[in-house]
Amino acid sequence: MVFEFNYILVGLMQIVGFFVQGCTGFGCTVIAASVTNGFLGTEIGVPYGTLITLPFLLYLGITGIKDVSWKDLGKIVVLCLPGLFIGNYLTSIISETQARIGIGAMVTFIATMNIYKCIIKPLVLKHEVSDEDVPDTPIRIAVRYGALLLGGIVHGAFNIGGPLITVYTIAAVKQKEKFRNTMTWVWIVLNSINAVNFYNAGRLASPELWGSLAVGVPMAGVGFYFGMRYLAKINREQFLRVVYVVLFIIGADMLIRNLMVLF
C-alpha cells in the first residue's frame, strides 16, 4: 500500500459525490468519475469507483431489502450482463487517453441530458411534465431498452452506466422507495460482477488502488453520513440542478483536455 497527495484530492471529491448519494440515492460514481480517473488514471480509477461504492450500497441494500422489485431487478441484470462484459473487454484494448475521452464524453452527455430534463424543459414548458402524462410508444420502449443495453456497456467499461440504466427503471418501477431499493441492488450486483472481472484481470493487485481506497473510503463515509442526515432538509430538485451544471463543466473539461492530446 502506498500514499500520494492525489489520494486526498480524489477523496475530497468522494465527499461531494457521496453527499449527493446520501441525499438523492444515486450519483456518487458519475459525479466523481472525471476527478477520480483524472488523478488516478482509468486503470486504477475505474476499479476504485467500483469498490468504494460497495460498502455503502450494501448498507442501503440490506436496510431496504423488504421493498425491492425482484422481477425488475432480474430483468435489468440479465439485459445488462452482455454489455457489462463487452465494456470490460473494451477497456483492455483502448488507451488511457481514449478511456478518459470516453469517460469525459459520457459524463458530459449525462449532465447535458439531465440539464435539459431538470432545467431547460421546465423553463420552456413553464411546468413540470410527468412521464405518466406522455403516451408510451414503440419508439419510447425501444429507447428504454436501448439505454439499458448501452448502460451495461458503459458500466462495464467505466462503472458509470447508472443514468442510462435508470432510463429503463424509472418507467418500470413507479414507486419511489421501491425504485431506489431496486436500483441499489442493481448496483450491488453489477459492481460485484465488475469487481470479480477486475480481479480476474489482475486490476485489483495495485498498491496504488488500495492506498487510494484507504484514504477515500473514510472520506466517502463522511459525505454519505451528512447526505443522509440532511436528506429531508435539502430541496432535492434545486440541489440536483446545481450538481448537473457542475458535472457538465467537469466532464466537458476532461473531454476537451484529452481530445487536445490527440491533435
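What you see below is based on every heavy atom in this structure, not just the backbone, and it leaves out hydrogens, waters and symmetry mates. It should be emphasised that the depicted structure is a prediction, and the values quoted were computed from it without experimental measurement.
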- Query: If every non-hydrogen atom of Gly251 is compared with every non-hydrogen atom of Ser34, which pair is closest and at what distance?
  - Reply: CA-OG, 3.7 Å
- Message: Any non-hydrogen side-chain atom of Leu190 less than 4.5 Å from a side-chain atom of Ile165?
- Response: yes
- For the pair Asn88 (side chain) and Gly156 (backbone), establish whether a donor and an acceptor sit closer than 3.5 Å, ignoring hydrogens and angles. yes
- Query: Which residues pass the salt bridge (Lys or Arg N to Asp or Glu O under 4.0 Å) test with Arg257, sequence neighbours left out?
  - Reply: Asp253
- Message: Ignoring hydrogens and geometry beyond distance, is a side-chain donor-acceptor pair present between Thr91 and Glu43 at under 3.5 Å?
- Response: no
- If two hydrophobic side chains count as joined below 4.5 Å and joins carry through other members, does Ile120 share a cluster with Val245? yes
- Does Thr166 reach the main-chain N or O of Thr169 with its side chain, forming a donor-acceptor pair under 3.5 Å? no
- Can you list the residues that meet the side chain to side chain contact (heavy atoms under 4.5 Å, CB included) rule with Ala147, with sequence neighbours excluded? Val167
- Item | Backbone N/O of Cys118 and side chain of Arg241: donor-acceptor pair under 3.5 Å | yes
- If you round to the nearest 0.5 Å, how far is CD1 of Ile103 from CD of Gln98? 12.5 Å
- Kindly say whether Asp67 contributes a backbone atom to a donor-acceptor pair with the side chain of Asn181 at under 3.5 angstrom? yes
- Query: Would a hydrophobic clustering, with Ile, Leu, Val, Met, Phe, Trp and Tyr connected at side-chain separations under 4.5 Å, put Val196 with Tyr89?
  - Reply: no
- Message: Between Phe5 and Ile15, is there shared hydrophobic-cluster membership here, with clusters defined by ILVMFWY side-chain heavy atoms closer than 4.5 Å?
- Response: yes
- Query: Picking from Val154, Leu150, Val30, Ile101, what satisfies side chain to side chain contact (heavy atoms under 4.5 Å, CB included) with Met106?
  - Reply: Val154
- Validation row: Phe39, Met13 side chains within 4.5 angstrom (heavy atoms): no
Sequence neighbours left out, cut at 3.5 Å: what donor-acceptor pairs do the side chains of residues 47-65 make with other protein atoms?
| from | atom 1 | to | atom 2 | distance (Å) |
| --- | --- | --- | --- | --- |
| Thr50 | OG1 | Val46 | O | 3.0 |
| Thr50 | OG1 | Asn159 | OD1 | 3.1 |
| Thr53 | OG1 | Thr50 | O | 2.8 |
| Thr53 | OG1 | Asn191 | ND2 | 2.8 |
| Thr63 | OG1 | Tyr59 | O | 3.0 |
| Thr63 | OG1 | Leu60 | O | 3.0 |

- Item | Hphob cluster co-occupancy, Tyr199 + Ile44, side-chain heavy atoms under 4.5 angstrom | yes
Could you list the donor-acceptor pairs under 3.5 angstrom formed by side chains in residues 215-225, with sequence neighbours left out?
| from | atom 1 | to | atom 2 | distance (Å) |
| --- | --- | --- | --- | --- |
| Tyr225 | OH | Arg229 | NH1 | 3.4 |

- Query: Hey, does the side chain of Thr42 reach the backbone of Ala99 with a donor-acceptor pair shorter than 3.5 angstrom?
  - Reply: no
- Query: Who pairs with Glu96 by salt bridge (Lys or Arg N to Asp or Glu O under 4.0 Å), at least two apart in sequence or on another chain?
  - Reply: Arg100
- Item | Neighbour count above 12 (heavy atom, 6.0 Å) for Phe198 CZ | yes
Show which side-chain atoms of residues 70-86 pair as donor or acceptor with protein atoms under 3.5 Å away, not counting sequence neighbours.
| from | atom 1 | to | atom 2 | distance (Å) |
| --- | --- | --- | --- | --- |
| Asp72 | OD2 | Ser69 | OG | 2.6 |
| Lys75 | NZ | Tyr145 | OH | 2.8 |
| Lys75 | NZ | Tyr168 | OH | 3.4 |

- Where Met254 and Gly104 come nearest, the two heavy atoms and their spacing: SD-N, 4.2 Å
- Measure the shortest side-chain to side-chain distance between Thr184 and Ile188 over non-hydrogen atoms and say whether it is less than 4.5 angstrom. yes
- Tightest non-hydrogen contact, residues Val107 and Ala33, listed as CG2-CB, 4.3 Å
- Query: How close do Gly45 and Thr36 get, heavy atom to heavy atom, and via which atoms?
  - Reply: O-CG2, 3.8 Å
- Message: Starting from Val143, can I reach Leu149 by hopping between I/L/V/M/F/W/Y residues whose side chains sit under 4.5 Å apart?
- Response: no
- Neighbour count >12 (heavy atoms, 6.0 Å) for atom CD1, Ile93: yes
- Task: Any chance you could measure Phe248, atom CZ, to Leu255, atom CG, to the nearest 0.5 Å?
- Result: 9.5 Å
- Task: Give me the ring orientation class for Phe226 and Tyr230: parallel if the planes are under 30° apart, tilted from 30 to 60°, perpendicular past 60°.
- Result: parallel
- Query: Should Phe158 and Leu90 be marked as a side chain to side chain contact (heavy atoms under 4.5 Å, CB included) after you check the CA-CA gap, both sets of side-chain angles, and the distance that decides it?
  - Reply: CA-CA 10 Å; Phe158 309 125; Leu90 287 176; over 6 Å; no
- Note on the structure: So OH of Tyr244 and CE of Met113: to nearest 0.5 Å the spacing works out to 8.0 Å
- May I ask you to test the Ser212-Val10 pair for a side-chain heavy-atom distance under 4.5 Å? no
